[in-house]
Amino acid sequence: MAIMVMATVKNINKVMPAKALLFFLLAPASVIAGEWTFEPNIGLTETYTDNVELTPNKQQSSLVSQIFIGLDTDYNSRYFDFSFSGTETYAAYSHDSDVNDDFQEASLNTRLLLGDTGFQLIASSEINNISQNDADNSLADLVSGDTIQQQMHTGGIQYQANNSDFIVDSSLTYNLIETEDNIGESQGYSFDLTSQNGLSARTVFWQIEGEYDQRENNEFSGKAYNIEGKIGAITSYRFNPFIRVYDEDVKGNVQGANNSNIPSIGPGIRWLPSRHLFIDLAYNFIQEDTTATDDYISASIHWTPSERTTLKADYSQRFYGDSYGFDFSHRNKRLTNSIVYVETIEAFDRSTFEETDLGIFYCPASVDLTELSPSDCYAENSDINQPNDYILAGFSSISPVENNEFTLNKRLTWTSILTLRRTTFTFNAGTREREALSSGIIDTYFDVSFDINRKTSAHSDISFNARYSENTYDKENTEGSEQDDKYRVASATYNRTLAHSLSGFISLQYVDRESSRNDRTYQEARASINITKDF
């Protein structure tokens, strides 16, 4: 465990400014005085699976033993916060000891306020085990074993201010992503800014939102920025005139970075039908030396009828066409709702796939090839006793590759939580459409889940989960490597506090995956039992 902590801190030191450490060492004790919480734990989880290799045929069962040791620690003071959570797990498989392995997971967050100036140094680091290939198994975990380790490190400076004169929320950070298989790696800088006038403004109002992101990976680099600014006059009427300025550009030597500049400027009007609602409407003139040719109308609405309800929506034009945004949140004593739609430009992720040839195999001639997978056949160079009973067949798959291309990502998420005295209901739904700006390849993702958690006693609770997800790769290309995967998951877990600092759970899970690739269709049932000791 100590090795994991030291490795994480070493990575954090790459990105945390030296001033943070200097301030912490030189600050008086009254400034950094705080309280530590230190909670180590150790435990064992035994999981039986009837299909550990997730194959449609020749299913292999296994007992997977996960021995883990963990640490949760927090430090909080007036000017300095620190939290760390980490686990070291050794997984042993009864069906094949050669695949035994150890896994690390960790999360570190720290914040150092530079006095009462509004400036603070921030740093975070995460180590996660993610799916090695979403097209093979997007539900990959330590039991299935088809994961790779990903490290994400961030460090920088943040400035926040909220007073009667102005409101500012800004940050400048360095970001580093590293993966075990070197796919989806990047490093670079990000800058975010949101600012508007305070409540004391009487003659002029303004609103600025902007972001800049620069990433690179090996010889590839990409930069993307967009900024929107509004400045107007406050009148005694319900209509306030303003000027809107917008600019955006995506450039670099990654694909999809050309012809994306779209600066515009134009007049607008803000209508305030009530104290908590305003609607903006602007006519935007495109500069003549850009690729865009048509002027456009932009609109936005901001409604805050109470402290518990907020609605924001906007429409505009970006270099790829119409652009929309939506953010709604509402909460009362028992119910919380949140719906968010956002469009972003990204690069260097793990969501680019290409078709790869798995080779030629001898397959049983008596079985339909569409129902077979490579695990049902023999390699071409295998010795076949009765070759007349077999035919040669080729297989292929899609695998993640380096994504050196800008993509347009449209995400919609919906979360509802109903909290009763002893029972909590949670509903989550989300969609994502990912379009490669250069190749035009479109991948779509949909996920919906419903959870019920019931507290059965002072020392126990039971939870039920139902989940459905569907991933479609290369959706518009019916002659290419299009793949459609549907996952249906049902699980139940019983948690129990056995004694002071001793707890455990029993869990059952069933997965039914239906894929357009028959070699990726499977069913799996699991049963798990756990015991954990806290110190």
Side-chain angles (χ1 to χ4, degrees), residues 134-135 138 175 177 183-184 186 188 190-192 209-217 220-228 246-264 284 286 290-294 296 298-300 312-327 339-354 398 400-414 429-447 470-477 480-484:
D134 277 346
S138 66
N175 310 284
I177 300 177
I183 298 176
S186 67
S190 296
F191 176 72
D192 295 281
E209 293 184 2
E211 57 184 8
Y212 171 86
D213 189 57
Q214 178 270 327
R215 297 291 178 98
E216 61 182 32
N217 180 33
F220 293 97
S221 64
K223 300 178 182 179
Y225 78 83
N226 66 78
I227 185 169
E228 178 188 32
Y246 182 81
D247 192 18
E248 176 178 29
D249 200 6
V250 178
K251 52 188 174 182
N253 62 352
V254 297
Q255 299 180 62
N258 299 323
N259 302 323
S260 55
N261 187 247
I262 181 173
S264 62
N284 303 269
I286 299 291
T290 64
T291 57
T293 57
D294 297 328
Y296 65 95
S298 62
S300 64
K312 299 178 182 178
D314 63 78
Y315 165 79
S316 183
Q317 286 278 326
R318 298 181 66 176
F319 68 90
Y320 53 80
D322 294 339
S323 174
Y324 302 88
F326 186 84
D327 190 338
I339 303 175
V340 178
Y341 175 80
V342 62
E343 300 177 352
T344 58
I345 302 296
E346 302 172 12
F348 305 117
D349 59 21
R350 293 182 57 87
S351 300
T352 297
F353 299 88
E354 71 174 10
I398 60 174
V401 295
E402 289 281 7
N403 170 35
N404 299 312
E405 181 177 12
F406 279 112
T407 61
L408 170 61
N409 294 265
K410 301 178 180 180
R411 293 182 174 90
L412 173 65
T413 59
W414 175 16
T431 65
R432 175 191 176 194
E433 180 182 276
R434 178 185 183 273
E435 179 182 359
L437 294 181
S438 177
S439 64
I441 293 176
I442 296 177
D443 301 330
T444 60
Y445 305 84
F446 173 75
D447 187 88
E470 182 171 358
N471 305 333
T472 304
Y473 307 97
D474 203 1
K475 182 177 181 180
E476 303 298 328
N477 185 8
S481 57
E482 178 183 356
Q483 177 177 324
D484 184 59

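Side-chain N or O atoms of D447 include none that pairs as donor or acceptor with a backbone N or O of G430 at under 3.5 Å. Counting only distance, with no hydrogens or angles, the side chain of E346 and the backbone of N409 share no donor-acceptor pair below 3.5 Å. Remark: side-chain polar atoms of R434 are paired, donor with acceptor, to backbone N or O of S351 under 3.5 angstrom. A donor-acceptor pair is defined here as one N or O able to donate and one able to accept, closer than 3.5 Å; such a pair exists between the side chain of Q483 and the backbone of A135. A donor-acceptor pair is defined here as one N or O able to donate and one able to accept, closer than 3.5 Å; such a pair exists between the side chain of E405 and the backbone of S438.
Here the side chains of T344 and R411 are in contact, with some heavy-atom distance below 4.5 Å. Contact annotation: the side chain of R318 approaches that of Y246 to within less than 4.5 Å [non-hydrogen atoms, C-beta and beyond]. Residues D294 and Q317 are not in side-chain contact: their nearest non-hydrogen atoms beyond the backbone lie 4.5 Å or more apart. Side chains of Q214 and Y225 form no contact here, defined as non-hydrogen atoms less than 4.5 Å apart.
Taken to the nearest 0.5 Å, the OG atom of S221 stands 11.0 Å off from the NZ atom of K251. S300 contributes atom OG, which lies 13.0 Å from atom OH of Y315 (distance to the nearest 0.5 angstrom). A distance of 10.5 Å separates OG1 in T444 from CG in D474, rounded to the nearest 0.5 Å. Here the straight-line distance linking atom CD of E211 with atom CD of E228 works out to 11.5 Å at 0.5 Å rounding. Note that the CD1 atom of I183 and the OG1 atom of T352 stand 10.0 Å from one another [nearest 0.5 Å]. Expressed to the nearest 0.5 Å, how far CD of Q255 lies from CG of N403 amounts to 9.0 Å.
At a threshold of 4.0 Å, the pair K312-E209 does not count as salt-bridged, since none of the basic side-chain nitrogens sits closer than that to a carboxylate oxygen. Salt bridge R432/D349: present, at least one basic N to carboxylate O contact under 4.0 Å.
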Start with the C-alpha gap between I286 and I262, add the side-chain angles, then the distance that decides, and say whether side-chain contact (heavy atoms from CB on, under 4.5 Å) holds.
CA-CA 7 Å; I286 299 291; I262 181 173; 3.9 Å; yes
With side-chain contact (heavy atoms from CB on, under 4.5 Å) as the test, would you mind laying out the steps for F406 and Y320 before giving the verdict?
CA-CA 12 Å; F406 279 112; Y320 53 80; over 6 Å; no
For the pair D192 and D213, evaluate side-chain contact (heavy atoms from CB on, under 4.5 Å) and give the outcome as yes or no after the intermediate values.
CA-CA 9 Å; D192 295 281; D213 189 57; over 6 Å; no
Could you walk me through whether K410 and Y341 pass the side-chain contact (heavy atoms from CB on, under 4.5 Å) test, one step at a time?
CA-CA 7 Å; K410 301 178 180 180; Y341 175 80; 3.5 Å; yes
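Residues N284 and S298 approach most closely at ND2-OG, 3.1 Å, considering heavy atoms. Taking both residues in full, the closest heavy atoms of T407 and A436 are given as CG2-CA, 3.9 Å, listed atom of the first, atom of the second, then distance. Annotation for P400 and F353: closest pair N-CD2, 3.6 Å, computed over non-hydrogen atoms. Between I345 and L408, the closest heavy-atom pair is CD1-CD1, 3.9 Å. Between E402 and G184, the closest heavy-atom pair is OE1-N, 4.0 Å. Nearest heavy atoms, N404 versus V254: O-CB, 3.5 Å.
Taking the six-membered ring where tryptophan is involved, the planes of Y445 and Y473 are perpendicular, since the angle between them exceeds 60° and thus also 30°.
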